[in-house]
Amino acid sequence: MTGLPGCSRCGLTPVDMVGFWDDGYDRFRWIRTYSSSVLAPFFHEEWCPSSMDWLPAWQHPFPQNGRIYCPSCWRSWAWYVKEGGSAYALPERCEALASAHVEIKSKRGGPFLCVTCNKAFNKKTLESHLLLYHRKDQPNWKALQSSEVETQTTLMWVSDDYHLDLSWEFQAKGSGGYDDWQPFMQGAQEELETHFKLLQQQTGPSEVIVSTNGYSYAVDLNAMTQRNLKTNRTRSIRRQEVKKDSGPKQLEQGSDLADLLAERDQLKKDLNNQRTKVKALTEQVAALQKDLEAVEHCQQMTFQESWRASAQLGLRIFHRLAAKDPVIWKLQEALRAACTDGHYNQCGYMRFVTVVSVEQIHNTQLWNSYEFRKEQIRKEESLPASHVIQANKELSKACSWARLDADINEVLVLHGTLPENVDKIASGGFDERLARQGGLFGQGSYFTDESCKSFQYSGAYDRHAAGPSGCEGCIIISRVVLGYPYFATGQMKHLKTEPFRDDSDPSKGHCHCVVASSGISNGQGATQVHREFVVFNRYQAYPELLVRFRVP
């Protein structure tokens, strides 16, 4: 698993999880490592993430704007400035500046405190303040603004192609100090400047009516005052030059401004082209790395397949796959897909399963016995088309290295078991003699191709609470030779071995397994919900992979 990205507010890289605003989902989503659990103290009482808000880290569906938060910054900042969190939602251009200068002071009045200026603001006045006095501190502030005005704020907001050297401001409070003046809206700015120029040309009146922000004002351009026509309150106004940075170089006398602007535009275009090339190369490197990992794993699995065919290697029984091995997320997707449509309640948890680890099982003695039993079944008569089993294709795709013999119904299926039984099965296989008596379809080893059924026996399910136990669960992905199946029509608790193919003619031999399809009567006044396979010969099943997982 790749590392989590750094927080866009504090810059630190969280160990456990990060959150980001998902526009399509219209709420915060969270990505956590495999080892982390829900850290309840980080969340507000009025909101805590549901199971659908959590995403596995390998997906990395991070937003293009890079606004990603650690739990601490989410609680102290992002919760208040995003839609859905509160009424103080800030646009992206303002949030980027606010992250460098502003803290949340309270939930009422002026909740935003500009630490740089030690002054409190509400949403509208904060945006005006930041963009007027602090936007030069943001190196890429122009990339954050749109080409036209997005919302009516108390700031004159213009596109890259339109810059005013002057700003019309009114005295909001105080004695006229630096922070006591606020700019008019853009429409009022342009209207005042137009009347002022007409007055200078002696073609316009000195007192005009200007409407802005829902109010109308009588503005005296000679006395430089404004009077609210509704409240009759009078404030001072001023025509102020906006201080602008000189830029990386000053224009020398005689310089051709048009040439410089053209040169600037060309440099911007070249920079964008270079960024596009770098992005394309980065994506190519990532794709090649992924292909390389897949090839390395395929080579490893091919080697493992070869020892099954010939060599007697003294390998460890368990071989843990690397966390970045693509087989892990492929199996995770296969287990999610193996939760049948229409199955809900306790079955639904497997649609959000997270695979914690995968271990391959090596047991040469079990494998040799399994191969011998396969050869025995091959020598019997071929299967009729009506007895061919179509098993889970997603598991076969995830375990693409496994060469299965469809002529004898060799399939990959699931067996849920408690963690304390894992070593016994890996060492001794699925011993039907140890199977629980009184099973609905006989005393044998039970398998299924539906993950929600194996979940019930994995240790991750609490039967008393009818929900997750909070513990890791274990599912063993197994190779099973089903051979000639017997299709059950009801419960068969009396079975100790495979049923005859034909009760009237025992000379035709036994079947090799029992298949309990969904929809048949289970003898308890209900119908069978999941498909199950029961084998009565321990050598017809081989434990291939041990999957440890969690559900939300």
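Hydrogens, waters and symmetry mates play no part in the numbers below; they use all other heavy atoms, side chains included. All residue numbers in this chain count up from 1 along the given sequence.
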- Message: For a quick check under 3.5 Å, do Tyr370 and Glu410 share a side-chain donor-acceptor pair by atom type?
- Response: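 The answer is yes; a qualifying pair exists.
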- Query: Side chains of Asp270 and Gln266: donor-acceptor distance under 3.5 Å anywhere?
  - Reply: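 Yes, Gln266 and Asp270 have a side-chain donor paired with an acceptor closer than 3.5 Å.
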Please check: side-chain N/O of [X] versus main-chain N/O of [Y], any donor-acceptor pairing under 3.5 Å?
| X | Y | answer |
| --- | --- | --- |
| Arg436 | Gly444 | no |
| Asn392 | Ser451 | no |
| Glu359 | Leu546 | no |
| Thr448 | Glu450 | yes |
| Asn363 | Ser427 | yes |

- Item | Verdict with reasoning, His362 to Ile317, per side chain to side chain contact (heavy atoms under 4.5 Å, CB included) | CA-CA 4 Å; His362 306 285; Ile317 288 183; 5.6 Å; no
- Message: Please determine whether a side-chain nitrogen of the Lys or Arg among Lys330 and Glu333 lies less than 4.0 Å from a carboxylate oxygen of the Asp or Glu.
- Response: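 Result for this pair is no, no salt bridge flagged.
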- Query: Charged N to carboxylate O below 4.0 Å: is that the case for Lys496 and Glu432?
  - Reply: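 Salt bridge between Lys496 and Glu432, a charged N being under 4.0 Å from a carboxylate O: no.
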Might you point out which heavy atoms bring [X] and [Y] nearest each other, and give the distance in Å?
| X | Y | result |
| --- | --- | --- |
| Arg531 | Asp449 | NH2-OD2, 2.5 Å |
| Ala488 | Val514 | CB-CG1, 3.9 Å |
| Ala398 | Ala334 | CB-CB, 4.4 Å |
| Gly459 | Ser469 | O-OG, 2.8 Å |
| Val547 | Leu335 | CG1-CD1, 4.1 Å |
| Tyr446 | Leu440 | OH-N, 3.6 Å |

Could you tell me if the side chain of [Y] sits less than 4.5 Å from the side chain of [X], heavy atoms only?
| X | Y | value |
| --- | --- | --- |
| Asp431 | Lys424 | no |
| Arg548 | Cys474 | yes |
| Glu394 | Arg336 | no |
| Thr527 | Ile520 | no |
| Glu472 | Pro419 | no |
| Ile475 | Met350 | yes |
| Cys399 | Leu331 | yes |
| Val411 | Leu404 | no |

- Query: Which of these passes side-chain hydrogen bond (donor to acceptor under 3.5 Å, both in side chains) with His512: Glu380, Gln376, Gln540?
  - Reply: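 The single option meeting the side-chain hydrogen bond (donor to acceptor under 3.5 Å, both in side chains) with His512 is Glu380.
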- Quick one: which of Arg378, Lys374, Arg479 gives a side-chain hydrogen bond (donor to acceptor under 3.5 Å, both in side chains) with Asp405?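 Exactly one candidate clears the test, Arg378.
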- Which word best sums up how the rings of Phe447 and Phe430 line up, parallel for under 30°, tilted for 30 to 60°, or perpendicular for over 60°?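 Perpendicular: the ring planes of Phe447 and Phe430 meet at over 60°.
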- Angle class for the Tyr349/Phe455 ring planes (parallel below 30°, perpendicular above 60°, tilted otherwise)?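 Answer is tilted, since the angle falls between 30° and 60°.
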Hey, what do you get for [atom1] ([X]) to [atom2] ([Y]), rounding to the nearest 0.5 Å?
| X | Y | atom1 | atom2 | result |
| --- | --- | --- | --- | --- |
| Asn409 | Gln390 | CG | CD | 8.5 Å |
| Gln443 | Leu434 | CD | CG | 9.0 Å |
| Phe487 | Cys511 | CZ | SG | 9.0 Å |
| Leu414 | Ser478 | CG | OG | 8.0 Å |
| Leu495 | Glu498 | CG | CD | 9.0 Å |
| Glu375 | Ile377 | CD | CD1 | 10.5 Å |

- Message: Between His510 and Tyr486 (judged by ring centroids, cut-off 6.0 Å), do the two rings come close enough to count as a pair?
- Response: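 Judged by ring-centre distance (under 6.0 Å), His510 and Tyr486 do not meet the cut-off.
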- Message: Does Val327 form a side chain to side chain contact (heavy atoms under 4.5 Å, CB included) with Trp401? I'd like the steps, not just the answer.
- Response: CA-CA 11 Å; Val327 168; Trp401 67 88; 4.0 Å; yes
- Kindly indicate whether a cation-pi arrangement holds for Arg463 with Tyr457, taking the cut-offs as under 6.0 Å to the six-membered ring centre and within 45° of the axis.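 Yes, a cation-pi geometry holds between Arg463 and Tyr457.
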- Could you tell me whether Arg501 sits above the aromatic face of Tyr484, with NZ or CZ closer than 6.0 angstrom to the six-membered ring centre and within 45 degrees of the axis?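 Arg501 over Tyr484 ring: yes.
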- Could you walk me through whether Leu383 and Ile408 pass side chain to side chain contact (heavy atoms under 4.5 Å, CB included), step by step? CA-CA 7 Å; Leu383 294 172; Ile408 56 175; 5.6 Å; no
- Query: Taking it one step at a time, do Phe318 and Asp423 satisfy side chain to side chain contact (heavy atoms under 4.5 Å, CB included)?
  - Reply: CA-CA 9 Å; Phe318 290 105; Asp423 289 336; 3.3 Å; yes
